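Okay, so here's the structure we're looking at.
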Amino acid sequence: MLNSLLIEIQKIEERYGGKLNEPATSKDLKKLEEVIKDKFDGLILPSEFIEFLTKVNGLDFNGLVIYGVDNFLLTSQSEDEINGFVETNDLWYENEWQRKFVFFGDSDIAWYCYDLTDKIFLELDKPSGTIMNTFINFNDMLVNALENRLN
């Protein structure tokens, strides 16, 4: 399902002279995982998120942003515009109440995150933080976010 959504997004991007970001390398992903483990007390990133990054290192499509490997972690500089996972979470963490979440992406109306306390993936209203949707895993959350932006 995810692959077909990415193909559809790629076709739309190409119509407007754009393209999807290049995939993250295994070295880039390893660096990201090490930083995240340290920063979030041993947190292991979902395998579905890592798999997404091996297809496209972050996404900015139709108002939806899915974070990628930060530029400071890349082994070679990218020409792609990447909203970095670490840097963006640092930005959201300026608000104390948001520190119970790990943010994977956002849109003009929502945050897509993982609740560290309740161990569940969520779509939160932006900026109130009201739960709009819950998901069993990262992939379900990502597919829902992409489908919403394609419809």
Side-chain angles (χ1 to χ4, degrees), residues 1-10 13 20-75 78 80-151:
M1 180 67 146
L2 178 59
N3 287 338
S4 62
L5 292 171
L6 289 175
I7 289 168
E8 192 173 340
I9 290 169
Q10 176 64 37
E13 287 288 339
L20 294 179
N21 289 352
E22 295 296 319
T25 68
S26 58
K27 286 182 181 179
D28 299 337
L29 293 169
K30 185 174 171 94
K31 284 184 186 178
L32 177 64
E33 288 178 301
E34 289 170 1
V35 168
I36 295 304
K37 273 185 188 175
D38 183 50
K39 188 171 192 62
F40 294 104
D41 296 324
L43 177 72
I44 296 172
L45 291 172
S47 60
E48 297 104 336
F49 180 59
I50 297 299
E51 184 180 331
F52 169 77
L53 295 175
T54 66
K55 298 174 190 318
V56 56
N57 185 19
L59 179 73
D60 189 342
F61 174 74
N62 197 18
L64 172 68
V65 176
I66 305 298
Y67 312 139
V69 178
D70 299 74
N71 283 321
F72 75 90
L73 295 172
L74 297 176
T75 50
S78 172
D80 297 327
E81 190 171 318
I82 300 167
N83 292 283
F85 186 89
V86 175
E87 290 171 345
T88 307
N89 271 278
D90 282 344
L91 176 70
W92 297 133
Y93 277 28
E94 289 178 4
N95 294 318
E96 185 70 33
W97 72 269
Q98 291 172 302
R99 293 182 185 189
K100 72 177 258 179
F101 305 108
V102 175
F103 295 88
F104 290 93
D106 67 273
S107 71
D108 47 348
I109 61 167
W111 283 299
Y112 298 92
C113 58
Y114 180 73
D115 185 318
L116 292 164
T117 305
D118 295 332
K119 311 279 190 234
I120 191 164
F121 291 91
L122 302 169
E123 177 184 3
L124 300 178
D125 175 66
K126 188 178 178 185
S128 74
T130 303
I131 297 173
M132 296 169 49
N133 214 337
T134 60
F135 304 95
I136 295 170
N137 58 47
F138 173 82
N139 205 50
D140 287 351
M141 180 177 70
L142 179 60
V143 166
N144 178 269
L146 294 175
E147 287 177 339
N148 286 339
R149 291 302 163 160
L150 283 165
N151 295 329

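The shown structure was predicted, so the numbers you read here are calculated from the model rather than taken from an experiment.
- Just one residue in the list Y67, F138, Y112 forms a ring-ring contact (aromatic ring centres under 6.0 Å, His included) with F104, and that residue is F138.
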(request) Start with the C-alpha distance between F85 and L73, add both sets of side-chain angles, then the distance that settles side chain to side chain contact (heavy atoms under 4.5 Å, CB included), and finish with yes or no. (result) CA-CA 10 Å; F85 186 89; L73 295 172; over 6 Å; no
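- Counting heavy atoms from C-beta on, the side chains of K31 and T75 come closer than 4.5 Å.
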- Task: Would you check, one step at a time, whether the test side chain to side chain contact (heavy atoms under 4.5 Å, CB included) holds for K39 with D90?
- Result: CA-CA 10 Å; K39 188 171 192 62; D90 282 344; 2.6 Å; yes
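- When side chains are defined from C-beta on, D70 counts as touching L32, because their heavy atoms get closer than 4.5 Å.
- In this structure the side chain of F52 reaches within 4.5 angstrom of the side chain of L59, judged on heavy atoms.
- Counting heavy-atom neighbours within 6.0 Å of E81 CD, excluding the residue itself, gives a total of 12 or less.
- Residues V102 and Y93 form a side-chain contact, since some pair of their non-hydrogen atoms from C-beta on lies under 4.5 Å apart.
- A donor-acceptor contact shorter than 3.5 Å links the side chain of Q10 to the backbone of L20.
- Between E51 and K55 there is a salt bridge, with a side-chain nitrogen of the basic residue lying less than 4.0 Å from a carboxylate oxygen of the acidic one.
- For the pair D28 and N57, the minimum side-chain heavy-atom distance is 4.5 Å or more.
- Taking the six-membered ring where tryptophan is involved, the planes of F103 and W92 are tilted, since the angle between them lies from 30° to 60°.
- Side-chain contact between M1 and E147: present, with at least one pair of heavy atoms (C-beta onward) separated by less than 4.5 Å.
- By the 4.0 Å N-to-carboxylate-O rule, D108 lies too far from K126 to be salt-bridged with it.
- K30 NZ: 12 or fewer foreign heavy atoms inside a 6.0 Å radius.
- Counting heavy atoms from C-beta on, the side chains of L116 and L43 come closer than 4.5 Å.
- Between F101 and W97, the angle of the ring planes goes over 60°, which puts this pair in the perpendicular group of the 30/60° scheme.
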Could you go step by step and tell me if N148 and L64 meet the side chain to side chain contact (heavy atoms under 4.5 Å, CB included) rule?
-> CA-CA 9 Å; N148 286 339; L64 172 68; over 6 Å; no
(Q) Using the rule given for side chain to side chain contact (heavy atoms under 4.5 Å, CB included), can you reason through L146 versus L2, listing the C-alpha separation, both sets of side-chain angles and the distance that settles it, and then say yes or no? (A) CA-CA 9 Å; L146 294 175; L2 178 59; 3.5 Å; yes
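- Between Y114 and F121, the ring planes lie tilted relative to each other; the angle falls in the 30° to 60° range.
- A donor-acceptor pair under 3.5 Å is absent between the side-chain atoms of N95 and the main chain of Q98, judged by distance alone.
- Side chains of F135 and L142 form no contact here, defined as non-hydrogen atoms less than 4.5 Å apart.
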